[in-house]
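Every chain is numbered from 1, with letters handed out A, B, ... down the list of sequences.
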Amino acid sequence: MRYSQAFIHTLFEVPKEAETSSHILLLRGSFISPLAAGLYSLLPLGHRTAEKIKSIIREELDAIGGLEITMPVLNPAELWKKTGRYFDIGDELIRFKDRRDREFVLAMTHEEVVTDIAKQFLRSYRDLPVMLYQIQTKIRDEARPRAGLLRVREFFMKDAYSFHRDFEDLDTYYPRIFNAYLRIFKRCGVNSVPIEADSGIMGGTGSHEFMLDSENGEDRFVICPACGYKANTEKAEGLKPLTQPPDVATPHPMEKAATPGIKTIADLMQFFGTTEDHFLKTVAYEADGELVLAAVRGDFNVSPTKLANHLKAIHLDFASEEALSKKGLHAGFLSPVGISGVRMVFDTSVADDILFVAGANEPDMHYRSVLPGRDFKVGDRLDIAEVREGDMCAACGKGALEIRRGIELGHTFKLGTKYTAPESMDVTYLDGSSGQARVIMGCYGIGVERLMAAVVERWHDQSGMQFPISIAPYHVIVSPLGKDPEIVSTAERIYLLLNSSLDVLLDDRDESAGVKLKDADLLGIPVRIVVSRKLMKTGEVEVKVRQTGEVRICSEKDLDSVLNEIFESLKPSLEGLPYMPE
RNA sequence: CGGGGCGUAGCGCAGCCUGGUUAGCGCACCUGCCUUGGGAGCAGGGGGUCGGAGGUUCGAAUCCUCUCGCCCCGACCA
């Protein structure tokens, strides 16, 4: 392709709305064009890269037996009501009526539709397992799109769904997807970190997120340097040792203390002369409308995600003043002491050997020397606390957990029967012996544009992007510097020679050397071939590798072998990541 | 949804506080000459409902009211 015909319109200046490097560079390189908040057009360069990512995804999924399909984005609301998601999902799901007044939604994923297909066609154990996937538009009315392509409202998602005769088969199948994911990201030029994840509203029995370690990521995950445990902070568990030894040796009886106007933990610490971890922090939530009190040790915070999961709640929110006063409770002085008729959840940090300071369930009053078990009843203790940087790893007890930011590149779920259950879409098959059995599902997603942006986050420098050869819009850019006939004809010759086997961009513009070189750097084309007057004297050309900065000067006839060497060196290593066919 | 910032040419900005010719600058774009190893030079040129609506005024980019949009932080987020 000739540069002058390629619809490339680079920007010299940084668009004001962009702050993240991938956002800035994709805009400056004219890969994308904003339409509205969280909506982008993919321009020719961005489109080419997205298509290359899609091809890699297809190759890897086809290699493990995946079958590509296409499902409609427009879905009848009825289907989504059947699985309950119509009611469980908030404003993120776009709903509307058609001209005949029938309710529709714009699909944000396709579990409903694919399960409907499964119900129609999967009859016998002979039909299982099967994996169907598509690369299709997803629409989500995100509360806050951000960072260019990292979080948008409409995007291409590769969504795959597998169907199995039982959980064992799903467990056997899952590593194939897992490995294919590692291969896909690796082939796109980035290392992904698989972490244990919360499955959220999707439900199910197990889930992994594939993260790219990145400052600009919006997710947080922990990593244990000792045992390698990795998990989303929404799920990760740390040990909860005390900063001071327990104090049951002198089990003072509980006593009430007036604490007029003292509200913050800091003030209370001073008032009672004790440390944060000797307070009992009680927080009120409404879980699907029911008032719930959650108690953690004072140095922890309640994790809403963990709490919601334990409660199997769809909607969890801080309790309103009204909900509290209906039960005669007062925010700021909540306590499990003397409470009844309200559901309580205790964190594992609420230990039996600590004399706590706790609220008194009346204004301006606290108790001191509150002993769990003696002064209030403790049921099961669950992990509902947010993990903190430096907490000891609960998996090995040896490592201090590190918290990292990451970009979620992909997510895999063992769904189980969430969509095939009788109360959902009720999908069964004939198992060949005892009759009907329930289909077990898994689902697996990758955001295409997000992956593109993530690769740019990982691969760029001051001058611009540094695309991995596998997903670069063009493999090679040929830049003739100057208009001498000899320079032009050499560049043309090289272009025609390479263009039959590679994606080549010929910078045929009447631009200064500086402009051409700067643009080549900005666009991040992996290999640049410069033809210049300086080099013409010896009949040579310059080959430069964008990612490494490596420069080779070679004659035109050696170009082929030099390029072969370079391309070989740019291939990602897939060592240890074999296909896992059936 | 809460907090903050910003809307003037394709991009980046000045002008606004203190209202007053034809709204200005750099980049980009077009024409010609010239130049070709790091966003050159000279000359000429096109491009604006100053986000929108209403108001104040003889007169509004500028003052007032409302409104829409975009970005950032947080909440939220199959």
Handout entry: B/C63 versus B/C16 - spacing of their P atoms, nearest Å
Key = 9 Å

Handout entry: Integer angstrom distance from the P of B/A53 to that of B/C68
Key = 15 Å

Practice task
Would you classify A/Ala37 as touching base, sugar-phosphate or nothing, given that sugar-phosphate means primed atoms plus P, OP1 and OP2, and contacts are heavy atoms under 4.0 Å?
Solution key: sugar-phosphate

Exercise for the section: Using only heavy-atom distances, determine whether the side chains of A/His47 and A/Thr49 contain a donor-acceptor pair under 3.5 Å. Expected result: no

Exercise for the section: Could you tell me which residues satisfy ring pair (Phe, Tyr, Trp, His ring centres under 6.0 Å) with A/Phe7, sequence neighbours excluded, listed by chain and number? Expected result: A/His9

Exercise for the section: Look up atom CG in A/Asp213 and atom CZ in A/Arg458, then write down how far apart they are to the nearest 0.5 Å. Expected result: 10.5 Å

Handout entry: Protein proximity profile, nucleotides 28-39 of chain B - base contact B, sugar-phosphate-only contact S, no contact -, cut-off 4.0 Å on heavy atoms
Key = -S-----BBBBB

Problem - Earlier contact from the 5' end, RNA chain B, for A/Ala36 and A/Met157 - result: A/Ala36

Practice task
Consider only side-chain N and O atoms of A/Thr10 and A/Asp519, and report whether a donor and an acceptor are under 3.5 Å apart.
Solution key: yes

Exercise for the section: Would you please confirm or rule out a distance under 4.0 Å between OP1 or OP2 of B/C73 and any side-chain N or O of A/Arg144? Expected result: yes

Practice task
Could you check how far CG of A/Asn232 sits from P of B/C76, rounded to whole Å?
Solution key: 13 Å

Practice task
Pick base, sugar-phosphate or nothing for A/Ala520, based on heavy-atom distances below 4.0 Å to the nucleic acid.
Solution key: nothing

Completion exercise
If pairing means Watson-Crick or G-U wobble with both distances under 3.5 Å, then the partner of B/G2 is B/C73

Exercise for the section: Let me know the distance between CG of A/Asp219 and P of B/A75, rounded to the nearest Å. Expected result: 12 Å

Handout entry: Distance in angstrom units between A/Ile24 CD1 and B/G12 C1', rounded
Key = 13 Å

Completion exercise
Across every strand shown, the nucleotide meeting Watson-Crick or G-U wobble geometry with B/A43 (both distances under 3.5 Å) is B/U31

Problem - Rounded C1' spacing from B/A9 to B/G48 in Å - result: 5 Å

Show every donor-acceptor pair shorter than 3.5 Å between a side-chain atom in residues 33-40 of chain A and any protein atom, with sequence neighbours excluded, or say none if there are none.
from    : atom 1 : to      : atom 2 : distance (Å)
A/Tyr40 : OH     : A/His23 : NE2    : 3.0

Problem - Position toward the 5' end of RNA chain B (nearest nucleotide), A/Tyr40 or A/Pro15 - result: A/Pro15

Practice task
Have a look at A/Phe178 and tell me which of A/Tyr173, A/Phe185, A/Phe210 forms a ring-ring contact (aromatic ring centres under 6.0 Å, His included) with it.
Solution key: A/Phe210

Practice task
For B/A60 and B/U56, measure between their P atoms and round to the nearest Å.
Solution key: 11 Å

Practice task
Determine the interatomic distance between P on B/G39 and the same-named atom on B/A28; round to the nearest Å.
Solution key: 12 Å

Exercise for the section: Please report, rounded to the nearest Å, how far the C1' atom of B/G4 is from the NZ atom of A/Lys16. Expected result: 15 Å

Completion exercise
Applying the 3.5 Å cut-off to both distances, the Watson-Crick or G-U partner of B/G7 turns out to be B/C68

Handout entry: Euclidean distance for C1', B/U22 against B/C50 (whole angstrom)
Key = 15 Å

Completion exercise
Here the pair of heavy atoms bringing A/Ala295 nearest to A/Ile384 is O-CD1, 4.2 Å

Exercise for the section: Just name whichever nucleotide pairs with B/G38, Watson-Crick or G-U, keeping both distances under 3.5 Å, else none. Expected result: none

Problem - Assigned partner base of B/C16, Watson-Crick or wobble definition, under 3.5 Å - result: none

Practice task
Identify the residue among A/His411, A/Lys138, A/Gln136 that makes a side-chain hydrogen bond (donor to acceptor under 3.5 Å, both in side chains) with A/Asp159.
Solution key: A/Lys138

Completion exercise
Separation of B/C1 atom P from A/Arg146 atom CZ, nearest Å, is 16 Å

Exercise for the section: Round to the nearest Å and state the distance from A/Glu13 atom CD to B/C13 atom P. Expected result: 8 Å

Exercise for the section: Determine the Euclidean distance between corresponding C1' atoms of B/A14 and B/C6; express it in Å to zero decimal places. Expected result: 15 Å

Exercise for the section: Can you sort out the partners of A/Arg388 under side-chain contact (heavy atoms from CB on, under 4.5 Å), two or more places apart, ordered by chain and number? Expected result: A/Asp299, A/Phe300, A/Asp391

Handout entry: A/Ser162 and A/Tyr444 side chains, donor-acceptor separation under 3.5 Å
Key = yes

Problem - Rounded distance in Å between the P positions of B/C76 and B/C66 - result: 31 Å

Handout entry: Separation of atom CD in A/Glu142 from atom P in B/C71, rounded to whole Å
Key = 13 Å

Practice task
Describe the nucleic acid contact of A/Ala18 in one word from base, sugar-phosphate, nothing, applying a heavy-atom distance below 4.0 Å.
Solution key: nothing

Exercise for the section: Using atom CD of A/Glu19 as one end and atom C1' of B/G12 as the other, report the distance to the nearest whole Å. Expected result: 15 Å

Practice task
Under the side-chain contact (heavy atoms from CB on, under 4.5 Å) rule, collect the residues that match up with A/Arg528, sequence neighbours excluded.
Solution key: A/Ile477, A/Ser479, A/Leu517, A/Ala520, A/Asp521, A/Val530, A/Glu542, A/Lys544

Practice task
Encode nucleotides 45-53 of chain B as B, S and - characters from 5' to 3', where the letter depends on protein heavy atoms closer than 4.0 Å: B to the base, S only to sugar-phosphate, - to neither.
Solution key: ---------

